[in-house]
Amino acid sequence: MKITLTFDNGPDPDTSPQVLEVLRRHGILSTFFVLGSKASTTEGRLLVDRIAADDHWVGNHTWSHRTPLGELDPEASLDELARTHVVLQGLGIEERLFRPFGRAGQIGTHLLNAAVVGWLQAQAYSCVLWNCVPGDWRDPEGWCARGIDEVRTRPWSVVVLHDLPTGAMRHLDAFITQLTALGAEFVQTFPAECVPIDSGRIVLPLSGYVADGQGEIDRT
Ligand SMILES: [Zn+2]
């Protein structure tokens with residue numbers, strides 16, 4: 001089984017360095033989907049630098065993470081994307097990866113709207129979804145066992161974790177160690193079924209992800 005680890009909602013001054021240390025020890029590369037509001041602070045910029053220096057990818061996970069973009073009007077949703085994009089560009093981040101805010105990991109038409117899709121196309125971004133949400137933020141002790149049970153049910157899991165100070169990441173080392181013992185292969189890339197927009201190209205039907213009944217946006 002393949003596993004892609006992702007860390008959302010950071011960076012966090014206490015937790016992100018702990019996560020980096022564990023990943024380095026295991027030789028695993030991942031993606032950190034950061035919030036623009038956190039990455040733009042002096043401390044946040046330094047943390048993004050450290051993440052990138054370790055060869056992890058850094059993605060755009062909206063500015064405020066307050067409301068799923070499909071529930072915002074076009075102007076507000078584009079502001080969430082573009083402000084974060086400017087911060088990441090300023091930090092020299094070259095990859096253009098976006099992960100929508102799902103609200104407790106849910107996938108649905110609240111994720112995107114037509115304006116967001118147009119922006120992602122124009123900016124040649126990839127939209128990276130997920131297929132495994134062990135719920136580390138709501139169950140800092142139990143997520144690990146649940147996550148292991150779940151990733152064993154499919155050939156390639158994109159696991160959503162959070163570099164937030166919940167205490168959950170204390171178990172990251174055990175999570176990785178147990179999965180390695182089960183023969184897991186950790187990769188940085190994403191399975192095609194989790195990337196409906198790839199470098200600005202719509203490659204999967206978007207109807208399940210876009211509000212306003214705008215799912216029939218032309219593929220390009
Ligand atoms: Zn999030």
Side-chain angles (χ1 to χ4, degrees), residues 4-17 19-20 29-107 110-130 133 137 158 160-165 188 190 194-202 206 209-211:
T4 304
L5 295 181
T6 62
F7 299 90
D8 291 8
N9 297 23
D12 175 79
D14 295 316
T15 318
S16 305
V19 168
L20 288 174
L29 295 178
S30 69
T31 302
F32 288 72
F33 289 98
V34 303
L35 304 192
S37 57
K38 293 185 180 177
S40 60
T41 66
T42 304
E43 197 168 42
R45 288 169 185 271
L46 292 171
L47 290 167
V48 170
D49 280 346
R50 287 176 65 178
I51 292 167
D54 277 5
D55 293 328
H56 301 289
W57 291 332
V58 178
N60 180 335
H61 191 41
T62 76
W63 180 270
S64 72
H65 202 270
R66 249 184 241 126
T67 307
L69 298 190
E71 297 176 2
L72 291 174
D73 63 40
E75 192 182 349
S77 55
L78 294 185
D79 190 55
E80 289 275 338
L81 288 174
R83 286 176 77 186
T84 306
H85 175 69
V86 167
V87 170
L88 297 183
Q89 290 272 290
L91 289 166
I93 301 302
E94 290 179 356
E95 52 273 8
R96 296 188 173 208
L97 304 171
F98 166 67
R99 167 167 283 169
F101 164 39
R103 190 185 277 135
Q106 298 171 73
I107 285 182
H110 61 298
L111 292 184
L112 308 171
N113 62 33
V116 167
V117 172
W119 189 90
L120 296 172
Q121 289 178 285
Q123 298 291 335
Y125 259 76
S126 296
C127 177
V128 180
L129 303 179
W130 55 88
V133 183
W137 76 94
V158 178
V160 177
L161 299 173
H162 299 82
D163 46 339
L164 290 174
Q188 192 173 23
F190 309 102
C194 290
V195 187
I197 303 175
D198 184 358
S199 302
R201 288 181 310 115
I202 298 174
L206 295 180
Y209 314 126
V210 181

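Here, residue 1 is the first one in the sequence, and each next residue gets the next number.
- Rounding to the nearest 0.5 angstrom, the gap separating the CZ atom in F98 from the CG atom in N60 is 6.0 Å.
- The closest side-chain heavy-atom distance from I197 to Y125 is not below 4.5 Å.
- The salt bridge (charged side-chain N to carboxylate O under 4.0 Å, His left out) search around R83 returns D79, not counting sequence neighbours.
- The shortest heavy-atom contact between L91 and A39 is CD1-O, 4.1 Å.
- Ring geometry for F101 against H61 counts as perpendicular: the plane angle is over 60°, on a 0 to 90° scale with 30° as the lower cut.
- Between the CH2 atom of W137 and the CG atom of L161 there is a distance of 10.0 Å, given to the nearest 0.5 Å.
- S199 meets the side-chain hydrogen bond (donor to acceptor under 3.5 Å, both in side chains) test with no other residue; sequence neighbours excluded.
- Nearest heavy atoms, S37 versus T41: O-CG2, 3.7 Å.
- Pairing each heavy atom of S126 with each of V195, the nearest pair is CB-CG1, 4.2 Å.
- Side-chain contact between F33 and V128 is present, with at least one heavy-atom pair separated by less than 4.5 Å.
- Atom OG1 of T31 is separated from atom CG of L97 by 6.0 Å, given to the nearest 0.5 angstrom.
- Residues meeting the side-chain contact (heavy atoms from CB on, under 4.5 Å) test with Q89, sequence neighbours left out: H85, R96.
- Considering every non-hydrogen atom in both A52 and I93, the closest pair reads CB-CD1, 4.0 Å.
- Here the closest heavy-atom approach between residue C194 and residue W130 is recorded as SG-C, 4.0 Å.
- Between the E95 side chain and the V58 main chain, a donor and an acceptor come within less than 3.5 Å of each other.
- Evaluation of the side-chain contact (heavy atoms from CB on, under 4.5 Å) rule for L29 yields D55, H56, Q188 as partners, not counting sequence neighbours.
- The side-chain heavy atoms of L111 and L129, taken from C-beta on, include a pair separated by under 4.5 Å.
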- [ ] Show your reasoning for whether side chain to side chain contact (heavy atoms under 4.5 Å, CB included) applies to F32 and L5.
- [x] CA-CA 9 Å; F32 288 72; L5 295 181; over 6 Å; no
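- To the nearest 0.5 Å, atom CG of residue L69 and atom CG of residue L78 are 8.5 Å apart.
- Distance check: R66 CZ to L35 CG gives 10.5 Å after rounding to the nearest 0.5 Å.
- Considering every non-hydrogen atom in both V48 and P11, the closest pair reads CG2-CG, 4.1 Å.
- For R103, the salt bridge (charged side-chain N to carboxylate O under 4.0 Å, His left out) test picks out E71, with sequence neighbours left out.
- Below 30°, between 30° and 60°, or above 60°: for F190 and W57 the angle between ring planes is between 30° and 60°, a tilted geometry.
- Put simply, the side chain of E80 gets close to the backbone of S64: a donor and an acceptor are under 3.5 Å apart.
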- [ ] Please assess V34 against N9 for the test side chain to side chain contact (heavy atoms under 4.5 Å, CB included), listing each intermediate value before the final yes or no.
- [x] CA-CA 5 Å; V34 303; N9 297 23; over 6 Å; no
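- Taking the side-chain hydrogen bond (donor to acceptor under 3.5 Å, both in side chains) definition, one finds that T84 meets it with nothing, sequence neighbours left out.
- Counting only N and O atoms by type, the side chains of T6 and R99 include a donor and acceptor under 3.5 Å apart.
- Under the rule for a side-chain contact (heavy atoms from CB on, under 4.5 Å), the partners of P13 that lie at least two apart in sequence or sit in another chain are E43, L47.
- Between S40 and W63, the closest side-chain pair of non-hydrogen atoms falls below 4.5 Å.
- Side-chain atoms of H110 come within 3.5 Å of backbone N or O of G102 as a donor-acceptor pair.
- To the nearest 0.5 Å, atom SG of residue C127 and atom CG of residue D198 are 10.5 Å apart.
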TODO: Could you walk me through whether V117 and N113 pass side chain to side chain contact (heavy atoms under 4.5 Å, CB included), step by step?
DONE: CA-CA 6 Å; V117 172; N113 62 33; over 6 Å; no
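- With sequence neighbours excluded, the residues forming a side-chain contact (heavy atoms from CB on, under 4.5 Å) with T15 are D12, V19, D163, P165, M169, listed by chain and number.
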